[in-house]
Engineer: 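Sending over a structure as structure tokens; questions will come in a sec.
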Amino acid sequence: MAEQLAFLGLGGMGVAMAKNLLKAGHQLNVYNRTASKAAPLQELGARVANTPAEAVQGASVVFTMVTDDAALETITTGSDGLLSGLAQGAVHVSCSTVAPDTNRRLAEAHQKHGSALLAMPVFGKPEAAAAGKLWLVVAGSTAAKQKAAPYLGAIGQGTYDFGEDPGAASLVKLCGNFMLGAAIEAMAEAFTLAQKSGIDRQKVHEFFSNTLFDCAVYKNYGKLIASQHYQPVGAEPVIIRKDLKLVLREAQEQIVPMPFANIIFDQLSATVARGRENIDWAIFAQLAADNAGLGQKG
């Protein structure tokens, strides 16, 4: 008989990941603070719970994908949190982008409860999640990894192991988002310089993304930046600004100068201050064109 799973947090990423678990034939309980977001999953056979504690009852593996550290702590250890309903021996797979110490602290709470936390932040946009093509980064106990492993093929195209410290996976995720931001800023400045010099920015993108920078980041984010059209939304600026804030916090604690991280954080702050919502976070690239006196096409 198939083991019971649960998925908590049904934003764009969470819904896509949960759908793939259902399509793979797994039994799934789901929970989201806004219950209406669970409707598409209910149609596929998921059971919708009223609280996190209810959602995890009988579940051997529980996935969470929520907005930030506070939401993860609340859904885990708060009133009616998943720990109050989770069976001993179960595994909580924490997919959210949070501070390393948050997953470490929750891992300790799980250990006291008799369960385990496996940190597993993911790389990829919602369309990659829908296709089951996320890249998965894991850290936690060997036993937790083994228990979660049978279900990860429905979610991602590859899993990379960073050891037993759950904070390590979180740090890798923060490093990745910083690197994405640096690539976006580099393209924004380069394409703006080309455009101001009379060269078609889209032709510049086409050249570089097919030669020196022939990779997904430069092709996909580069297309948004070259066209100055920042749809569809992968993540909103306010979400990634939160991530860069965590990057800078870790850099301060580890005494690592990160001047580029400060620039990206400031660009995202300026973007959020302008009220740019419901648009991909790469919109901060538009500031390079704005500051150079060039308008946005669309």
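No hydrogens, no waters, no symmetry mates; every other heavy atom, side chains included, goes into these values.
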Engineer: Under a single-linkage definition using a 4.5 Å side-chain heavy-atom cutoff for Ile, Leu, Val, Met, Phe, Trp and Tyr, are Tyr31 and Val62 assigned to the same hydrophobic cluster?
Structural biologist: yes
Engineer: I'd like to know if the side chain of Thr76 and the backbone of Glu73 have a donor-acceptor N/O pair within less than 3.5 Å.
Structural biologist: no
Engineer: Does some side-chain heavy atom of Thr64 sit less than 4.5 Å from a side-chain heavy atom of Val93?
Structural biologist: no
Engineer: Would you indicate whether the side-chain heavy atoms of Lys223 and Asn220 approach each other to under 4.5 Å?
Structural biologist: no
Engineer: Please report the shortest heavy-atom distance between Asp101 and Arg104, naming the atom on each side.
Structural biologist: OD1-NH1, 2.7 Å
Engineer: Tell me whether Lys145 contacts the main-chain N or O of Gly140 through its side chain, where contact means a donor paired with an acceptor under 3.5 Å.
Structural biologist: yes
Engineer: Just verifying a value: how many Å separate Asn177 CG and Ile264 CD1, rounded to the nearest 0.5 Å?
Structural biologist: 10.0 Å
Engineer: Checking the side chain of Ser141 only, and the main-chain atoms of Ala144 only, is there a donor and an acceptor separated by less than 3.5 Å?
Structural biologist: yes
Engineer: So do the side chains of Lys147 and Ser60 get within less than 4.5 Å of each other, counting heavy atoms only?
Structural biologist: yes
Engineer: Between Pro52 and Leu8, what is the shortest heavy-atom contact and its length?
Structural biologist: CB-CD2, 3.6 Å
Engineer: Please check if Val256 and Leu171 belong to a single hydrophobic cluster, counting links between Ile, Leu, Val, Met, Phe, Trp and Tyr side chain heavy atoms closer than 4.5 Å.
Structural biologist: no
Engineer: Salt bridge (charged side-chain N to carboxylate O under 4.0 Å, His left out), that's the test. Do Lys133 and Glu127 meet it? Break it down for me.
Structural biologist: CA-CA 9 Å; Lys133 296 295 184 182; Glu127 53 264 37; over 6 Å; no
Engineer: Go through the steps to decide whether Lys125 and Asp280 satisfy the test salt bridge (charged side-chain N to carboxylate O under 4.0 Å, His left out), and finish with yes or no.
Structural biologist: CA-CA 10 Å; Lys125 290 189 171 186; Asp280 192 82; 3.7 Å; yes
Engineer: Side chains of Leu5 and Tyr151: does their closest heavy-atom pair fall under 4.5 Å?
Structural biologist: yes
Engineer: Parallel, tilted or perpendicular, judged at 30° and 60°: which one describes the rings of Tyr221 and Trp281?
Structural biologist: perpendicular
Engineer: With a 4.5 Å limit on heavy-atom distance, are the side chains of Glu54 and Asn29 in contact?
Structural biologist: no
Engineer: Side chain to side chain donor-acceptor pair (under 3.5 Å) with Ser170: which of Asp165, Asp69, Asn103?
Structural biologist: Asn103
Engineer: Linking I/L/V/M/F/W/Y whenever any side-chain heavy atoms sit under 4.5 Å apart, do Val172 and Leu117 land together?
Structural biologist: no
Engineer: Passes side-chain contact (heavy atoms from CB on, under 4.5 Å), Val138 versus Tyr160? Steps please.
Structural biologist: CA-CA 6 Å; Val138 298; Tyr160 288 79; over 6 Å; no
Engineer: Does atom NZ (Lys219) have a neighbourhood of more than 12 heavy atoms from anything else shown, all under 6.0 Å?
Structural biologist: yes
Engineer: Can you tell me how far the SG atom of Cys175 sits from the CG atom of Asp243, to the nearest 0.5 Å?
Structural biologist: 12.0 Å
Engineer: Rounded to the nearest 0.5 Å, how far apart are CZ of Phe284 and OH of Tyr230?
Structural biologist: 9.5 Å
Engineer: When you look at CD of Gln111, are more than 12 heavy atoms from neighbouring residues, nucleotides or ligands closer to it than 6.0 Å?
Structural biologist: no
Engineer: What distance separates Phe63 CZ from Leu118 CG, expressed to the nearest 0.5 Å?
Structural biologist: 9.0 Å
Engineer: So which atom in Ala38 and which in Val48 form the shortest heavy-atom distance, rounded to 0.1 Å?
Structural biologist: CB-CG2, 3.8 Å
Engineer: A cation-pi test, strictly: NZ or CZ of Lys173 under 6.0 Å from the centre of the six-membered ring of Phe123 and no more than 45 degrees from its axis. Yes or no?
Structural biologist: yes
Engineer: Do Val137 and Phe162 touch side chain to side chain, with heavy atoms closer than 4.5 Å?
Structural biologist: yes
Engineer: Report yes if the side chains of Met17 and Leu134 come closer than 4.5 Å at any heavy-atom pair, otherwise no.
Structural biologist: yes
Engineer: Under 4.5 Å between side-chain heavy atoms, counting indirect links through other Ile/Leu/Val/Met/Phe/Trp/Tyr residues: same cluster for Leu10 and Val233 or not?
Structural biologist: no
Engineer: Any chance you could lay out the side-chain contact (heavy atoms from CB on, under 4.5 Å) test for Thr142 and Gln146, step after step, and finish with the verdict?
Structural biologist: CA-CA 6 Å; Thr142 299; Gln146 291 174 342; 3.6 Å; yes
Engineer: Could you grab the distance from atom NZ of Lys112 to atom CG of Leu83, nearest 0.5 Å is fine?
Structural biologist: 11.0 Å
Engineer: Between His113 and Leu86 (side chain of the first, backbone of the second, donor and acceptor by atom type, cut-off under 3.5 Å), is there such a pair?
Structural biologist: yes
Engineer: Checking Ser209 side chain against Asp214 main chain: does a donor-acceptor pair fall under 3.5 Å?
Structural biologist: no
Engineer: Using the rule that two of Ile, Leu, Val, Met, Phe, Trp, Tyr join whenever any of their side-chain heavy atoms come within less than 4.5 Å, decide whether Leu244 and Leu180 are in one cluster.
Structural biologist: yes
Engineer: Kindly say whether Lys203 contributes a backbone atom to a donor-acceptor pair with the side chain of Asp200 at under 3.5 angstrom?
Structural biologist: yes
Engineer: So that I can tick it off, tell me whether Asp266 and Lys245 are bridged by a salt bridge, with the cut-off set at under 4.0 angstrom between side-chain N and carboxylate O.
Structural biologist: no
Engineer: Would Lys242 and Glu236 satisfy salt bridge (charged side-chain N to carboxylate O under 4.0 Å, His left out), going step by step from the backbone distance to the final call?
Structural biologist: CA-CA 10 Å; Lys242 175 266 299 182; Glu236 292 190 7; over 6 Å; no
Engineer: Pick from Glu185, Gln286, Arg241: which one makes a side chain to side chain donor-acceptor pair (under 3.5 Å) with Gln267?
Structural biologist: Glu185
Engineer: Is there side-chain contact between Val98 and Asp68, with heavy atoms separated by less than 4.5 Å?
Structural biologist: no
Engineer: For Tyr218 and Ala183, which heavy atoms make the closest approach, and how far apart are they?
Structural biologist: OH-CB, 4.0 Å
Engineer: Please work out whether the ring planes of His205 and Phe191 are parallel, tilted or perpendicular, with thresholds of 30° and 60°.
Structural biologist: perpendicular
Engineer: Side chains of Ser115 and His92: is there a donor and an acceptor less than 3.5 Å apart?
Structural biologist: no
Engineer: Quick check: closest heavy atoms across Ile279 and Pro237, and the distance to 0.1 Å?
Structural biologist: O-CD, 3.3 Å
Engineer: What verdict does the side-chain contact (heavy atoms from CB on, under 4.5 Å) test give for Gln228 and Arg201, after you've listed the backbone C-alpha separation in whole Å, the side-chain angles of each residue and the deciding distance to 0.1 Å?
Structural biologist: CA-CA 10 Å; Gln228 297 176 282; Arg201 61 191 288 137; 4.0 Å; yes
Engineer: How far does CG of Leu246 sit from CD1 of Ile240, to the nearest 0.5 angstrom?
Structural biologist: 10.5 Å
Engineer: Please name the pair of heavy atoms, one in Leu248 and one in Met258, separated by the smallest distance, quoted to 0.1 Å.
Structural biologist: CD2-O, 4.4 Å
